[in-house]
Amino acid sequence: VLDKVLEHISKGDGLAVYGVEEVKEAAEMGAISDLLVSEDLLITENEELRKTVEEVMNRVEETSGKTWIVPRESEIYHQVKSLTGIIGLLRFRIR
């Protein structure tokens with residue numbers, strides 16, 4: 001999934017989003033097919049951020065998307081973390 005995301009980001013084709021607000025907007029539209037979330041965002045002490053991320057995850061699941069939690073031990077953890085820790089692969093462009 002991360003390879004596809006990075007490919008879409010490099011192409012600039014609008015089929016990948018990252019950042020909490022951008023991903024939240026895409027999730028609300030039902031546009032996310034796959035969601036990558038670093039585990040840090042689920043254990044953060046920032047309750048508002050954690051709740052927002054959980055809401056996004058729930059919305060993705062409700063719209064038949066898949067959510068992937070990326071643990072710190074994962075090979076791709078640092079790449080996901082460098083892209084804000086939350087990344088969405090889109091079914092369709094939203095902009």
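Nothing here was measured: the structure is a model prediction, and the numbers come from that model.
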Heavy atoms, side chains only, cut-off 4.5 Å: are [X] and [Y] in contact?
X: R93; Y: L15; answer: yes
X: S33; Y: K4; answer: no
X: T44; Y: D40; answer: no

Cluster link L41 to V23, ILVMFWY, side chain under 4.5 Å: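 Yes: a chain of side-chain contacts under 4.5 Å links L41 to V23.
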Same apolar cluster: V1 and I76, side chain cutoff 4.5 Å: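 They do share one cluster, since a chain of ILVMFWY contacts under 4.5 Å joins V1 to I76.
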Atom of Y77, atom of P71 and distance for their closest heavy-atom approach: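 Reported closest heavy-atom pair: CB-O, 3.5 Å.
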Closest heavy-atom pair and its distance - A16, V5: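 The answer is CB-O, 3.9 Å.
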Looking at [atom1] of [X] and [atom2] of [Y], how far apart are the two atoms once the value is rounded to the nearest 0.5 Å?
X: L90; Y: M29; atom1: CG; atom2: CE; value: 10.0 Å
X: K66; Y: L36; atom1: NZ; atom2: CG; value: 12.5 Å
X: K11; Y: I9; atom1: NZ; atom2: CD1; value: 12.5 Å
X: L42; Y: M57; atom1: CG; atom2: CE; value: 5.0 Å

OH/Y18: more than 12 non-hydrogen atoms of other groups inside 6.0 Å: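 Open: at most 12 neighbouring heavy atoms sit under 6.0 Å from OH of Y18.
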Salt bridge (charged side-chain N to carboxylate O under 4.0 Å, His left out) contacts touching residues 13-27 (sequence neighbours left out):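 Counting only pairs at least two positions apart or across chains, the salt bridge (charged side-chain N to carboxylate O under 4.0 Å, His left out) contacts touching residues 13-27 are E25-R95.
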Pairs where residues 55-65 contributes a residue and the test salt bridge (charged side-chain N to carboxylate O under 4.0 Å, His left out) is met, not counting sequence neighbours: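 Matches after skipping sequence neighbours: R59-E62.
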Salt bridge (charged side-chain N to carboxylate O under 4.0 Å, His left out) involving E47 - partner list, sequence neighbours excluded: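 Counting only residues at least two positions away or on another chain, E47 forms a salt bridge (charged side-chain N to carboxylate O under 4.0 Å, His left out) with K51.
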